[in-house]
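It should be emphasised that the depicted structure is a prediction, and the values quoted were computed from it without experimental measurement. Every heavy atom of this structure was used, including side-chain atoms; hydrogens, water molecules and symmetry mates were not.
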Amino acid sequence: MSPAFETLVAVCERMRHLTGTLELIRGQLLAEAMGEVPMDQVPAVRQTARGLYLHAVGLRQRTAGDLSATVRALAEEIDPVQAEAEGAELLAVCRDLAVTLRAVDTALAEFKGHIEHGGA
């Protein structure tokens with residue numbers, strides 16, 4: 001396995017962790033909005049959502065940095081004359097991950113608004 005491929009696998013793992021974290025935040029905000037959280041637990045739920053949000057922002061930054069490094073490494077590994085099919089496939093995966101990161105940015109912006117304004 002090439003170093004770039006190994007890095008790409010790590011990026012995919014981090015992306016899985018990131019999307020899971022976003023799902024946890026969404027679940028907490030939704031539970032609060034639907035009144036499923038007892039009033040005495042609302043501050044704790046909000047604090048947890050805030051902590052998860054900060055964790056997600058850090059994961060997003062690391063994921064983007066690793067993805068950028070992966071693309072650079074793949075560009076160095078791929079023979080432009082032969083334009084290896086595998087390399088092109090890996091770059092397509094990187095492009096898909098970049099699109100997903102843009103969607104993550106949108107979700108994070110929405111969560112930030114809910115969290116900063118004291119709830120859903």
How long is the gap from [atom1] on [X] to [atom2] on [Y], to the nearest 0.5 Å?
| X | Y | atom1 | atom2 | result |
| --- | --- | --- | --- | --- |
| Arg95 | Leu90 | CZ | CG | 12.0 Å |
| Glu13 | Leu18 | CD | CG | 12.0 Å |
| Gln47 | Leu52 | CD | CG | 10.5 Å |
| Leu54 | Thr21 | CG | OG1 | 12.0 Å |
| Asp96 | Leu91 | CG | CG | 11.0 Å |
| Ile25 | Phe111 | CD1 | CZ | 5.5 Å |

If you compare all heavy atoms of Leu29 against all heavy atoms of Ala49, which two are closest, and at what distance to 0.1 Å?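 Closest heavy-atom pair between Leu29 and Ala49: CD2-CB, 4.3 Å.
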
Looking at every non-hydrogen atom in both residues, tell me the closest pair between Leu67 and Ala98 and how far apart they are.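 Looking at all heavy atoms of both residues, the shortest contact is CD2-N, 3.7 Å.
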
Take Lys112 and Arg50, measure what side chain to side chain contact (heavy atoms under 4.5 Å, CB included) needs, and give me the verdict at the end. CA-CA 8 Å; Lys112 180 180 181 182; Arg50 190 173 297 112; over 6 Å; no

Checking side-chain polar atoms at under 3.5 Å, does Thr106 have a donor or acceptor matched by the opposite partner on Arg102?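 There is no such pair between these side chains.
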
Between the main-chain N or O of Gly65 and the side-chain N or O of Ser68, is there a donor-acceptor pair closer than 3.5 Å?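 Side chain of Ser68 to backbone of Gly65: no pair is present.
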
Given side chains that start at C-beta, do those of [X] and [Y] come closer than 4.5 Å, heavy atoms only?
| X | Y | result |
| --- | --- | --- |
| Phe5 | Thr70 | no |
| Leu8 | Asp66 | no |
| Arg46 | Val42 | yes |

Using the rule side chain to side chain contact (heavy atoms under 4.5 Å, CB included), only one of Val11, Val104, Thr100 pairs with Thr63; which is it?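 So the option named by the test is Val11.
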
List the steps and the verdict of side chain to side chain contact (heavy atoms under 4.5 Å, CB included) for Met15 and Leu101. CA-CA 8 Å; Met15 184 68 80; Leu101 277 177; 3.6 Å; yes

Can you list the steps and then say if Leu22 with Leu108 is a side chain to side chain contact (heavy atoms under 4.5 Å, CB included)? CA-CA 8 Å; Leu22 293 176; Leu108 286 172; 3.7 Å; yes

